[in-house]
Each structure stands twice: as structure tokens, then as C-alpha cells.
Protein chains: 2
Amino acid sequence: MQSYTEENYLKVIYHLSEISHPVQTNAIAERIQTKAASVTDMIKKLSEKELVHYVKYQGVTLTEKGKLTAINIVRKHRLWEVFLVDKLNFKWDEVHEVAEELEHIQSNLLIERLDEFLDFPKVDPHGDPIPDKHGNFAEMTFVKLSKLKNGDKGNITGVSEHSSPFLKHLEKLGLTLGKRVEVVDVVEFDGSVELLLEQEKLNISREVAKHILITKN
Amino acid sequence: MQSYTEENYLKVIYHLSEISHPVQTNAIAERIQTKAASVTDMIKKLSEKELVHYVKYQGVTLTEKGKLTAINIVRKHRLWEVFLVDKLNFKWDEVHEVAEELEHIQSNLLIERLDEFLDFPKVDPHGDPIPDKHGNFAEMTFVKLSKLKNGDKGNITGVSEHSSPFLKHLEKLGLTLGKRVEVVDVVEFDGSVELLLEQEKLNISREVAKHILITKN
DNA sequence: GATTATTTTTAGATTTGTCTAAATTAATAG
DNA sequence: CTATTAATTTAGACAAATCTAAAAATAATC
Ligand SMILES: [Mn+2]
Ligand SMILES: [Mn+2]
Ligand SMILES: [Mn+2]
Ligand SMILES: [Mn+2]
């Protein structure tokens, strides 16, 4: 059994592992909104508990045990996000903060029943995959919209940025999950993208395009 | 904003206030599973924050601010219990522990939406009243089954004991919320009660009868 | 390869909530 | 009204998680 705080560290290390191996102290500190010294202390504790593998001055990687724990927290986070959107009519930009709290509720029965109640969803409101109770993810085949060429078509199946301003912006443009888009032109000058969305033309910045995930077809 | 721990103290003081005024240190210690010395420390802190009124060696009472905070936690606890039973098919003896955790989730939007999703329930799965968002309770007119006389009739509308063994026992006997019962005889020797429940005769101990709440009619 | 600059770790302190043991106050009994 | 008992509070310590400031290790630069 881990504390609320330990769980947050494990989750952050898990997410950062997708970017760098091993994960650096400063990177964790920034994500968790704390100081490097505090991170070092906590890393030692997690290392004691064999949840992470730690080499001084090098960084940390999750052990198998640590990884499973982290994935379970991610599972809970994403299931709660689905609950908030599907059942309580939250918008996709309103769910993250609340899920940050709900993900730490302990009961296994609760989470399995919730999964069932939600009809075993495979992705959360941002298109992120929801692992099953054994920690297995369904394979996802995303491409960043910014990587598409003229004439490429596909559906929006995810976003890689979860901030409320970004999500509200997409909402306003009509670029929500499931929508079909076609790339008309990638402007050479600034990398912005001309899109066709349901017959309508639309220009989005490269910055926005980088955070929209497309399944081509 | 109060910590998880402070919220638990306030809730316990609130419940104990129904029994004694002011609430004693030892009573709190027993409920919260801690030592009297720890309670004294916390009481001082809550007193600093003007959540309780404290007189050394006498005990504590909630201030208006403390009472409202406590009632809000009770509201959240009971709404989550309804959610678990009505939506996730938990049994009435399985919900309390999980609700002890869920009651500390912060979002107001969450709890108002949950209330709406559950269709504004007035009582929780144990028949306890759910206060509205302003802290107002609907009036309840319970009588302990153990106080009824021969020939009295009514419906089970609550229980005053929430332990799993007790609730499972009632479940097995068929004495669940809403059921109609009639007192056939109160046995003088041991105070046990002969009941009529849906044409069937049934004998329950005085101890059990004391924790069943009846609305006479 | 020596010299900076950056990153990370240690040392020592702080806050929150808890504990044990001792001291104090209040309640009860003779 | 004094003696004993029970309840409560204080004193001092501890674990968890954090911080600042200083030291140490690593990386980058000349
Ligand atoms: Mn999220
Ligand atoms: Mn998400
Ligand atoms: Mn309960
Ligand atoms: Mn209840």
C-alpha cells in the first residue's frame, strides 16, 4: 500500500518514462511542483520499497512492481474521467483536476464496478487508452496531425495536451474526438495547417496541430 | 480549506454532538482510533481556525462554520453511498468504507452533478437523511422498533447501526428499508420482539430491535 | 584536460499528525 | 472535606513530506 504522495510520484515517473530513460530528478520536480531535494528524498524511499530502480546522479526507472502500480493509477484516473464526462456531463476540459483526486481511492471492487457501469471503455475523453485490470493497453495507432501531408485523411482520436485553454480552443473550432478531417495544405512559411472539417475550411497553427492525434484512413 | 484529517475530526465531533454537549476528548479519541493526546492537539488547531469552541478540560462544540463544514462532509458521504448502491450495485453493508474516502473529494461541481444524477435523493442506503447544499435536513420521524407496543405497525425507514455483520443479519431476515412490520408481542423476559413481516412471524432480539428505525402508520 | 556551468545530493530545519509518559485538573467516594 | 480515581493536558519525541543552503558529482566549453 502506497501513500497518496508516493502514488503521485510513481504516476509522474511512469509518464516521464515515455520521454526519457532513466527519468531525471529535475524533470520529476517540475511535474510534481516541488524541489529537486524533495524528489531525491522520495526516490530513495521508493527505491527502498523496490518500486523504482535508482542510480545516484543517473535517475530512476520503474521496477515491474512500480510500473504495475503506476498503470493501475492511470487506469483509475482515466475511468473516472469517462465517468465524469459520460455520466455527470462534465466537459473534457473540466475532468482532469477532479480525476487527480479520485484516482487515489483504494477499493478494487469500486473500480471494477465502475468499469462495468461505463461499459468497459477503451479510451478516456482525451483519447488516451485505458489499461485493463492486468495493466494491458489496447494498441493505438496515432499520428500527429502536424505529420500529415496534403490530401491525407483521418479521424481525430486523441489529444496530447490536456490543458483547459487548449481543449476549449478545440471545442470552439469543432475539432473534437471522432471528427473526420482532411489536410488541404500545409503552409510552408509557418507550418500551419489548412483543414477540411465537414465541408468547412479551417486553418490551425502548427502548435495546435502537434497536439491533435489522428488515426489515418 | 481543511485537511483530510481535520475533516474527519469535524465529522466525528458532529456525530458525537448528537449524543453529548460538549463532546469529550476521550469520545473523539475512541471514534477516530487514536490517543487522547492527539485529540487535544487537533482540537487546539481546529479552535485556532474557529471551527470549534474549546474549553480546556470541558470539551468541544462546533462553531457555525465548523458545523456547516461537517454537514457538507456528511452530505458527500451519503450521496456517494447512494451512488454505490443505486448505480454500482454495492450492498448496503459494503458502502461505508469506500464512502469514508470519497467524502473528501473537493469539487463542488462534482457533488452537485452527482446529486442531480442520483435524482436528488433524500435518504442514504441506511435511511439517514441527506442534507441539501445549504445544510438543511428534511425532518425525519423515526421511532426505535424496540419502543413499539403490541399491535403497532410501520415501515422500516432506517438503521442506527452500520456495521457489516448487523446489516447482513437484517438482510438475511428480510428486514430491509421500506418493509412493513407489525409488532405481535414484546417478550417480557428478554425484551425480544415478535414481528409480522409479510405474513411471516419472526423473532428478533432487543439488541437488534434497538437499531431498527420505524416510521409508524 | 582544466574550467565553468548544470544537475543532483546532503545537511539541517519545518510542518502535520501522531505517540508515550508524566503532570495536571476534575469527578467520585469515604 | 480529604483521598482516590478518571479524564485531560503538557512535554518531548518521531515519521512523513517538504524546504533552503551548501556540497558534490556530472556535463559542457574552451
Ligand atoms: Mn487527466
Ligand atoms: Mn485523460
Ligand atoms: Mn456510512
Ligand atoms: Mn449511511
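Here is the naming used below: chain letters follow the sequence lines, and residue numbers restart at 1 for every chain.
- Taking atom CD of B/Glu7 as the reference point, atom C1' of C/dT16 lies 15 Å away to the nearest angstrom.
- Note on B/Tyr4: nothing from the nucleic acid sits closer than 4.0 angstrom, heavy atoms only.
- Between the C1' atom of C/dT9 and the CD1 atom of A/Ile28 lies a distance of 14 Å, rounded to the nearest Å.
- With a 6.0 Å radius and a threshold of 12 heavy atoms from other residues, nucleotides or ligands, B/Glu30 has its CD atom at or below the threshold.
- Remark: DNA chain D takes part in the stems C:1-30 with D:1-30, each of 3 or more antiparallel Watson-Crick or G-U pairs, criterion distances under 3.5 Å.
- The side chain of A/Thr5 places no N or O atom within less than 4.0 Å of a non-bridging phosphate oxygen (OP1 or OP2) of D/dA16.
- In terms of phosphate contacts, B/Ser3 brings no side-chain nitrogen or oxygen within less than 4.0 Å of OP1 or OP2 of C/dT16.
- Shown here for A/Tyr14 and A/Ala70, the closest heavy-atom pair between the two residues is CB-CB, 3.6 Å.
- Using modelled atom types, one side-chain atom of B/Thr69 and one backbone atom of B/Lys65 make a donor-acceptor pair closer than 3.5 Å.
- Look at CD1 on A/Ile32: it is 15 Å from C1' on D/dC19, rounded to the nearest Å.
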- Quick one: what's the B/S/- string for nucleotides 7-13 of chain D, heavy-atom cutoff under 4.0 Å, read 5' to 3'? SBBB---
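- With values rounded to the nearest 0.5 angstrom, A/Met42 atom CE is found 8.0 Å from A/Ile32 atom CD1.
- The nearest whole Å value for the distance from the CE atom in A/Met42 to the P atom in C/dT9 is 15 Å.
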Return all side-chain donor-acceptor pairs below 3.5 angstrom for residues 21-28 of chain B, not counting sequence neighbours, or 'none' if the list is empty.
| residue | atom | partner | partner atom | Å |
| --- | --- | --- | --- | --- |
| B/His21 | NE2 | B/Ser17 | O | 3.3 |

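- Cation-pi contact between B/Lys87 and A/Phe83: absent, since separation from the ring centre below 6.0 Å together with deviation from the ring axis within 45° is not met.
- With a 6.0 Å radius and a threshold of 12 heavy atoms from other residues, nucleotides or ligands, B/Lys91 has its NZ atom at or below the threshold.
- No donor-acceptor pair under 3.5 Å is formed between the side chain of B/Arg78 and the backbone N or O of B/Asp124.
- Distance CZ/B/Phe120 to CD/B/Glu112: 8.5 Å, rounded to 0.5 Å.
- At the heavy-atom level, B/Ser38 lies under 4.0 Å from base atoms of the strands shown.
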